[in-house]
Amino acid sequence: MDLLDESIVPEHAREIKQDAREFAEEYIEPAAEEYYESGEYPWDILEAGMDAGLVAQDISEEYGGRGLTLEQILAIAEEFYRADAGIALTLQLASFGCEIMEHYGSEEQKEKWLRPVAENEQISGLAVSEPQTGSDMAGMETTAEKTDDGYVLNGEKYWVGNAVEADWITVYAKTGDSDDRYSNYSMFIVPTDTPGYEAEHIPEKMGMRASKQGHIVFDDCEIPEENLIGTEGGGFYMLADFFNHGRIIVGGHGIGLAAAAIEETWDFVHGRTAFGRNVSDFQSVQHILADMRMEFESARALNWRAASKVANNDDAGFWAAVAKTKSTEMAVDVAERGMQLHGGRSVLNEFKISRVYRDVRIPVIYEGANEIQRNLIYSQGSL
Ligand SMILES: Cc1cc2nc3c(=O)[nH]c(=O)nc-3n(C[C@H](O)[C@H](O)[C@H](O)COP(=O)(O)OP(=O)(O)OC[C@H]3O[C@@H](n4cnc5c(N)ncnc54)[C@H](O)[C@@H]3O)c2cc1C
């Protein structure tokens with residue numbers, strides 16, 4: 001069974017999808033259990049992904065990348081997440097936040113910061129969430145105070161991918177206090193070796209253990225004025241735009257995870273016997289498999305439709321939220337059903353379904369909890 005069939009993928013994304021599949025089979029899938037157990041950062045696989053031209057290549061050719069499109073990145077995400085979500089997240093976060101600089105940064109910033117990431121000499125990260133809130137983007141409290149020479153950052157960020165490992169981070173911080181709470185935030189480039197930047201790993205997670213998030217404390221962390229991205233006060237809108245792309249890809253996380261859940265379950269029930277016959281011979285089991293497949297195909301069709309909408313900037317906020325919510329919740333549902341059909345073996349760490357079951361809990365939260373997505377779907381959905 002191969003659920004990630006290419007017929008729904010636009011032609012220009014098929015070749016890279018095949019490359020991603022071969023890479024996932026050779027490097028990600030065989031290492032998944034080991035990295036889940038150890039919780040180590042998979043540097044060797046990240047480097048292999050860089051050598052294969054599959055990491056940080058959304059950055060445009062002008063700055064050293066391959067300029068992969070949203071649909072090409074989505075095709076990679078489906079394949080990588082089917083193989084293992086923890087390793088996949090590490091590979092996909094190596095350039096997290098760079099898109100913001102690519103859209104809004106100056107030429108000097110792009111040469112200085114984007115090129116080393118595109119050329120796989122550095123990795124980045126994006127710091128938005130804080131210990132007190134991740135959902136209320138206009139309620140974050142980290143401040144960037146203007147001085148004669150630049151800005152001084154104070155506050156905390158939480159859950160930041162690569163906070164410890166990255167060379168630099170795009171940081172979302174408060175620069176104003178006006179009544180329009182959406183115009184009070186700005187984006188900054190912060191090298192992780194800046195004095196006043198301290199990061200440590202957050203406590204161990206139950207899923208996606210091969211990816212690492214950190215807690216950052218900014219204590220009078222001083223950066224030059226040239227590290228402001230775009231205009232002061234524009235951060236909220238830059239982020240909203242960035243998330244439209246990100247949420248299509250997170251939908252792909254759900255699709256990849258769900259494909260793994262269904263494929264694993266299909267194989268298991270066709271090989272397992274109970275009451276003198278294959279578990280797959282029970283009609284109720286067949287109906288569950290049929291439902292899983294229907295849900296999967298609907299979510300995947302929706303996700304690809306939404307990808308095309310977002311790529312063309314056609315009602316992007318609405319479609320991104322719809323795709324993210326549907327695909328990630330479908331993944332939770334099929335993983336739950338897959339667990340039940342695996343019986344007792346479902347809870348053994350060595351069974352992939354148990355990892356998938358833990359991992360599916362995460363995309364329904366990150367890149368904006370699905371409740372926030374529903375707010376967006378409602379508010380942007382009245383055409
Ligand atoms: C593995 C992982 C990786 C992450 N990587 C990053 C990263 O690289 N950079 C980064 O900045 N962040 C990252 N995050 C953070 C993530 O984006 C936040 O966890 C998410 O936005 C939710 O924020 P929160 O955890 O603070 O939940 P809260 O904002 O405290 O919300 C808790 C719950 O309350 C409910 N809720 C909140 N607001 C509403 C509302 N308006 N209406 C209805 N219900 C509501 C929802 O059920 C929500 O899940 C990551 C998170 C995880 C788990």
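Quick caveat: nothing in here was measured; it's all calculated off a predicted structure. In each ligand, atom 1 is the first atom listed, and ligand 1 is the first ligand listed.
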Val360 backbone acceptor or donor facing Thr328 side chain under 3.5 Å: no

Main-chain N/O of Thr142 paired to Glu130 side chain as donor or acceptor, under 3.5 Å: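 Yes.
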
Exercise check, heavy-atom protein proximity under 4.0 Å to atom 34 (O) of ligand 1: no

Contact bool for atom 51 (C) of ligand 1 (protein heavy atom, d < 4.0 Å):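 When distances to the protein are checked, atom 51 (C) of ligand 1 has a heavy atom within 4.0 Å.
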
Identity and separation of the nearest protein heavy atom to [atom]:
{"atom": "atom 9 (N) of ligand 1", "result": "Leu126 O, 2.9 Å"}
{"atom": "atom 2 (C) of ligand 1", "result": "Tyr366 CD2, 3.6 Å"}
{"atom": "atom 7 (C) of ligand 1", "result": "Trp159 O, 3.2 Å"}
{"atom": "atom 20 (C) of ligand 1", "result": "Ile365 O, 3.7 Å"}

Close aromatic pair by centroid cut-off 6.0 Å: Phe242 and Phe96: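 For Phe242 and Phe96, the ring centres are under 6.0 Å apart.
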
Sub-6.0 Å ring centroid separation between Tyr185 and Phe236: no

Salt-bridge contact [X]-[Y] (side-chain N to carboxylate O under 4.0 Å):
{"X": "Glu62", "Y": "Lys110", "value": "no"}
{"X": "Lys17", "Y": "Glu79", "value": "yes"}
{"X": "Asp359", "Y": "Lys205", "value": "no"}

Residues Ser284 and Gln286: side-chain donor-acceptor under 3.5 angstrom: no

State whether the shortest distance between N or O atoms of [X] and N or O atoms of ligand 1 falls below 3.5 angstrom.
{"X": "Gly161", "value": "yes"}
{"X": "Ile362", "value": "no"}
{"X": "Val128", "value": "yes"}
{"X": "Gly134", "value": "yes"}
{"X": "Glu371", "value": "yes"}

Axial cation check for Tyr41 ring with Lys212, 6.0 Å and 45° limits: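 Ring-cation test returns no.
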
Lys/Arg cation over aromatic Tyr36: Arg209, 6.0 Å, 45° cone: yes

Close-contact set for ligand 1 against [X] heavy atoms, below 4.0 Å:
{"X": "Phe96", "result": "8 (O)"}
{"X": "Glu367", "result": "17 (O)"}
{"X": "Asn375", "result": "41 (N)"}
{"X": "Ile372", "result": "38 (N), 39 (C), 40 (C), 41 (N)"}
{"X": "Thr133", "result": "26 (O), 29 (O)"}
{"X": "Gln213", "result": "1 (C), 3 (C)"}
{"X": "Ala369", "result": "48 (C), 49 (O)"}

Among Ser211, Gly125, Ser135, Ser129, closest by any non-hydrogen atom to atom 27 (O) of ligand 1: Ser135

Reference residue Tyr35; test side chain to side chain contact (heavy atoms under 4.5 Å, CB included); the match among Ile45, Asp84, Ile28: Ile45

His253 and Tyr81 aromatic ring geometry - parallel, tilted or perpendicular at 30°/60° bounds: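 It falls in the parallel class, under 30°.
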
